[in-house]
Structure formats: structure tokens, C-alpha cells
Amino acid sequence: MSATPPAKPTTSPAQKALHKLGLTRDIDLALHLPLRYEDETRIVRLADAREGDTVQIEATVTACEVTFRPRRQLLVTVDDGSETCLLRFFSFYPSQQKALAVGARIRARGEVRGGFAGRTMMHPAFRVAGGELPTALTPVYPTVAGLPQAYLRRAVLGGLAHADLSDTLPPADLSGPRENLSEIDLQPLWGLRESLLFLHHPAPDVALATLEDHSHPAWQRLKAEELLAQQLSQLQAKRARALLRAPKLRARRDGLHEKLLAALPFALTKAQHRVSEEIARDLAQPVPMHRLLQGDVGSGKTVLAALAAAICIDAGWQCSLMVPTEILAEQHFRKLLGWLEPLLAPLGLRTAWLTGSQKAKERREMLALIASGEAALVIGTHAVIQDKVVFKNLALAIIDEQHRFGVAQRLALRGKANSAPGAVHGLAPTPTLPRTGEGESPEPHLLMMTATPIPRTLAMSYYADLEVSTLDELPPGRTPVITKLVHESRRDEVVQRIRAQLAQGRQVYWVCPLIEESEALDLVNATQTHAALSEALAGAGVDGLTGSGQPVMVGLLHSRMPAVEKKAVMAQFTSGRMAVLVSTTVIEVGVDVPNASLMVIEHAERFGLSQLHQLRGRVGRGAAASACVLLYSTGEAPRLGEVARARLKAMAETGDGFEIARRDLEIRGPGEFLGARQSGAPLLRFADLVQDADLLDWARELAPRMLDQYPDLAQKHVQRWLGGKSDYLKA
């Protein structure tokens, strides 16, 4: 007779909710800090409560009834001996109604409001009166559905009781950082344990402002530790990467790199020369490059990617370029094909491209070229990292608009390097490849590119494991773009401006945030706008672009269109046959039409600052004077929200991408820049990169000393704060 298998442990809904919040360890619960606090430490007389105060009262129920006008509600009158108050509940259970029967003595907490009926409280929290009052403020924690505050409070108390809260800072640093940063005081009194116990249950006499703005010494201690953990994990990733081995890719005299430079129809800027040399030096090293290339819209990052690819191919290896959209993939493909194919064809090498919409036959052909090594350069979207894609010998992976990809996707691309060593193309002698161990694969060099410049504090924090190259110079011929803020009520004036641009032979973008009707957001969508503009410009035959008397072609482009249709629309616009392109943000990155001189962004208040800057960068790419119109709406509100107003103001005041990035960090925090880079990785929960720059400096200074002198403490510190999430820093 077979033994009965042991029953699987059951997980309650509340436990599942805890896991959903990432609260799986005792230390996770201990570090789950309150959003706010409620003061249940004292009873306030109704007569002493001011309107708008949130107070706790103890009173007797004198009346309780359910009424149905104007809607079903429970009305409970209470008297605390100094005054009466009406408790109003629109949502209630029979058990609650029973607990509020006439004569019951209750303790209720809520906001006191005035009115025609006297003092009222809407949906106050209540329980039976009596019992000792708490001696500390009551924490209110961030939670999810199915996780009541009472359960969460008990779980956090358990976490605090069982977690290892011993200090992990080196002994010499418990009293504060080194002398040059002595203004930061971590105070021995406020160790980790003391800080957490205080922040979970602060005394009632504490200044609430210091808790809310995180300036209290207990908060300072936690922010400092969090920043230190992040700096340690970044430094660990950087040092681990230095132990890996990659192919040495050196530019050869009279090789592809020099031939490409000579064939380019323009001269590189000083900034492009500098960054190209930085990349070339990295590629020549036996350790994998891990470099971020940042440059404003139109600064010429693509040509640097081509030059890096030329060095890689010339050394006999394969290079891949992964981009976020098919439109951008196709544009890169055309541009790089024009530069590189005349140089590769005589060598029997080809360029392949992979997208999700390819026909099966074409895909099979491309996969065969990649696997054989005949395709020296592979350009594509996410399709590049699919399982069926096998490279012969990938040595350089380039990722454009890197913030649009998740960590797992970048790790997958790096994992495409094949374990077979050596070059296959015969362009250069087979390189001697240092190995990390027998049978291990070489690591590819990694170049990530972004048109969203990274502010210094962000680079010091989230990109501390990267080498950063900056293109801070625009190529000649780029014209400044004038930015205008226009209320939607002046839409007819914008249409008139479009007519004027078309009359000069120019082209126009009109970008909308939605594709079709949405009940959630009452925004003018791309489909409606396309129809309205087509009608407004119908028969308005203009000289220049369309020829006198010819109808104006207005195109529509959005992400749900079949790839063939998108390709056809872009071809018409790029060739100049289409005068106006109505689009969603699918044209945000990479689209290059020098004849386009006007960008209209519908409902600009709905877009992020970096996205607005990217869209604006689609114009001003030629010699013609260009403009960007931010068409905004206030809806039913009398004015824009504070964040939207700050974004639009920044766009109107500056065209400098680095200044835009700095303001964006102030307005939105790091999430706007990091994008999918942090998918699964640890975002800062407590520290603020702008306000806590001094703590960041302290953490950056301490991290290398701690790793060198106290490696065990460093590892314990990282494990406490990040757990297994630090693995994502490998990307």
C-alpha cells in the first residue's frame, strides 16, 4: 500500500497579499514602513474639537436609524457629555448597525465637519469604548486588496521581533561619515533597530512634519542604509563583470572602421570623435564593455553604433542592434545598410534584420544567415532575443533606447554569445580569447544608447556600474525648435499654421495620446483627428509640397496597424508624398524626416517630459525653421495640475535635453528615466536623489572601502536590503 503524500501547505488570501507586496522575509516586513499615522493616544471632547480636525471621541449612542433619502445611509447620533455629533455611514453591515444600537458606549475616530445638521463625522472608525489607550501613534501601512490593516500590523510586529536588525555599518562609520561629509549625522542613538521601532510606533509628541518629510534622524538612518546597499550592489556587479572575459576587438589600419569613416557623407563632431575613441578603447579590452551612450535627440548616436559595429565585424565577430519598435528597426536598417553594405558585400558578408511581423520564409532565411555567421550585423526588435535566434559568435550587443527594454530582455541578449571561440569571417586573425573557465562562453561587449540624458545624481546612483559617454554637441545643420503652448480652444489657429507650412512645401506631424474612443479618458483620439484634419485641409490645394490645387494627403499611423500598412504610411511620409502624419507615440523615437518642420502634440499635458522632448526632436532635423505646438487642455478644471504645468513650462523654457532631464528628475523622480531598466530591480523606496544628494555622496565614498575592508558586512547589508534583486544589476 502506497504512502499518502504529505498535504501541501495552504496559503491564506492575506499571505498571498503579503507576497504580492514582496513581503516574504521578516526583514521585508520590518522595512515596510507606514504611509501615515493616526493618533489614538488621547480622547478629545467634542466641544474642544475644531472643524477639520481628525479626533478620537468616546460617546454614547442616543439615536440610530437607516434612512433612504437622498440615498440609503446609516445615521447615528452620539453624545460625549459636552456636545453631540452625527456619524454618517453610506456603506455598512448589519453587524455594524447592531454595534451602534442606542445606549452603546463607543470610541470613534474621524474628521469633524460642521454643517446645517451640526457636527458630523463621515464613515468614522469605531469600536467599543474602554480599555487602555495606545502609548504610540497607530501606523497605517501601504496595502493591497485582501490585506486588512490589523493583519498587516500583526505581521509587521512579528517581522520586527524576528528579523536580524544588528548594525551592518563598519564600526568606524556608526557615528557618521568621514570628515569631509561630517554634516551628515547618523547618530549612534539611531541605529537600525531603534530607527525601525520608532518609525513603526512613534511617540505622540513627535513633530509629525519630520515624519512626513522624512527629515527625522530615524528616517535619515534608513535612507543612508538604503543608498549604501544600492551603491554596494552596483559596485559588486561592476567588480564581478571585471572578472569576465570578452573578445578583444581592435580597429585595424585600413580596416572597416577607417573605410566607413572615409565613406560617411559628413564629418564627425568633436563629441562624436571623443565618444568613438572611448568605445574603441573599451572594445580593445579583454573585459566586456558595459557603456551607456547618452546624447540629446539628433546628436548622432547611430553613426557611433555603426563605427562600433565596423570594429566588431572587422575583427571577425557578429554584432547585434536591438531597438524598441519596428519603425525604428527599419530606419536603422536602411541607414546602416547604406553605410555598411558597400563595405561588407565585397567580403561576402550580409546584414540581417528580425522583427515580429516577418513572414515565415523570410525569418527562416534570416535565422540561417545569423547561425552561419554570414550575417555580420543583425538589426531587430525583441525578435532578436527569441530562442530560435542562434548567433555564430556574437561579440557586441547594442541596445538603442535602452530604457524601453526590461532587465530580463537585456540579459537574454547578452546570453546570445555562443561558446565556440574564435572568429569566422576571416577578416582578421582568429583572436586569442581569455576564458573565465573551461567551457564557459565569452561575454559580449554591451553598448546601451539613450536619447534621455541622465542627470548626475541618477548616473551616480542607478547607473553607477556603467561607464557613461555623453554626446554634448549637435551636428551642424540642426535648427533650434521654437516651442509654443496653445490652449485647445485655439485649435483653428493651429490648423491655419499647418496650411502655412504646407504652402512652403513643408510637412507636419500631429501626435495624439490615444488610438480610439476611451471611456476612461475623454481625449481627442488619432482616428477622429485624422478625419477632422482631412476634412479641414480637403481642397485646400497648396503650392509646394502637393502642387497647386492638389488634395493634401493626411496619413494615420498607430501601433495596432499591420506592419505592412505602417511601413507603407511611413514610406509615403518619408518620400514627401504625404503632407500631414497623424500618429500616436509610435513615432516617438528615431523617425527622421528633415522636411518636417511642425510638430503638434495633442493633449500635451498627458505626456511625460522626456516623451515630449523626444517627440519635439522629430522636427528641426533639416535647415528649415521648425516649431513644436503643445496643444493642452484643462478639461473641466479651471487650470492645469501642478505636475502638468511644470512639465509644459520646462518644455517652453528650454530645448536642452540635459536641462529637461534635470527638471524631470525634480518633477517625477527616477522612474521616468529608469523605465523598464528597473523591471524587477530595486527602486529606492525611502531616499530621494535630489534631496539626499549628500547621503548619496557618503554612500558612494563608503561603498568601496566597505567592500575592501568589511566584505562580510557588505554582503550582509546588501542581502538585507535587496535580497536576490541585486542580480538584475547584471544588465
Side-chain angles (χ1 to χ4, degrees), residues 27-28 31 165-187 190-192 195 214 218-243 290-292 294 403 407 448 454-468 665 669-671 673-674 677-731:
I27 190 63
D28 297 330
L31 292 173
L165 300 179
S166 58
D167 274 312
T168 51
L169 293 188
D173 286 279
L174 284 176
S175 60
R178 294 172 68 180
E179 290 181 7
N180 62 332
L181 293 173
S182 58
E183 68 275 10
I184 306 168
D185 186 7
L186 298 186
Q187 297 186 32
W190 294 100
L192 179 65
S195 297
H214 295 187
W219 267 116
Q220 292 294 99
R221 176 59 185 245
L222 288 189
K223 291 192 290 186
E225 288 216 8
E226 180 183 40
L227 285 166
L228 178 60
Q230 194 226 31
Q231 288 298 305
L232 285 169
S233 62
Q234 295 275 18
L235 192 54
Q236 284 177 329
K238 191 170 186 176
R239 290 184 176 184
R241 194 174 295 114
L243 300 176
H290 201 61
R291 185 169 288 275
L292 175 69
Q294 62 170 347
H403 64 284
V407 174
M448 295 183 283
I454 312 300
R456 174 181 172 273
T457 50
L458 204 63
M460 287 164 54
S461 180
Y462 285 100
Y463 294 94
D465 62 323
L466 289 172
E467 302 299 328
V468 179
L665 182 60
F673 298 89
L674 301 170
R677 171 180 165 85
Q678 293 298 324
S679 176
L683 281 166
L684 291 173
R685 290 178 290 166
F686 307 141
D688 181 289
L689 291 180
V690 177
Q691 295 178 5
D692 300 317
D694 53 351
L695 288 176
L696 177 57
D697 286 334
W698 169 80
R700 287 183 75 231
E701 183 181 342
L702 179 58
R705 291 190 289 123
M706 189 170 173
L707 269 182
D708 293 336
Q709 299 171 29
Y710 303 93
D712 293 340
L713 277 180
Q715 186 55 41
K716 183 179 178 181
H717 190 84
V718 170
Q719 187 62 29
R720 167 182 288 167
W721 279 90
L722 302 181
K725 293 178 181 178
S726 58
D727 290 344
Y728 282 87
L729 296 169
K730 295 174 183 176

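Because only heavy atoms are used, hydrogens play no part in the values below, and waters and symmetry mates are left out as well, while side chains stay in.
- To the nearest 0.5 Å, the span separating NZ on Lys223 from CG on Leu695 amounts to 6.5 Å.
- Evaluation of the side-chain contact (heavy atoms from CB on, under 4.5 Å) rule for Gln709 yields Arg705 as partners, not counting sequence neighbours.
- In this structure Gln294 satisfies the side chain to side chain donor-acceptor pair (under 3.5 Å) test together with Thr470, sequence neighbours excluded.
- No side-chain heavy atom of Gln231 sits less than 4.5 Å from a side-chain heavy atom of Glu701.
- At least one donor-acceptor pair closer than 3.5 Å links the side chain of Glu226 to the backbone N or O of Phe686.
- Under a 3.5 Å cut-off, the side chain of Arg221 and the backbone N or O of Trp190 do form a donor-acceptor pair.
- Evaluation of the side-chain contact (heavy atoms from CB on, under 4.5 Å) rule for His717 yields Thr168, Leu169, Glu225, Leu228, Ala229, Leu232, Met706, Trp721 as partners, not counting sequence neighbours.
- Atoms CG and CG, on Leu222 and Leu227 in that order, are 11.0 Å from each other to the nearest 0.5 Å.
- At least one side-chain heavy atom of Gln236 sits under 4.5 Å from a side-chain heavy atom of Gln715.
- Residues satisfying the salt bridge (charged side-chain N to carboxylate O under 4.0 Å, His left out) test with Asp708, not counting sequence neighbours, are Arg239.
- Considering only residues two or more places apart in sequence or on other chains, Arg720 meets the side chain to side chain donor-acceptor pair (under 3.5 Å) condition with none of them.
- Under the side chain to side chain donor-acceptor pair (under 3.5 Å) criterion, Lys716 pairs with Asp164, Ser166, not counting sequence neighbours.
- Rounding to the nearest 0.5 angstrom, the gap separating the CG atom in Leu702 from the CG atom in Asp697 is 12.5 Å.
- Residues satisfying the side-chain contact (heavy atoms from CB on, under 4.5 Å) test with Gln691, not counting sequence neighbours, are Asp688.
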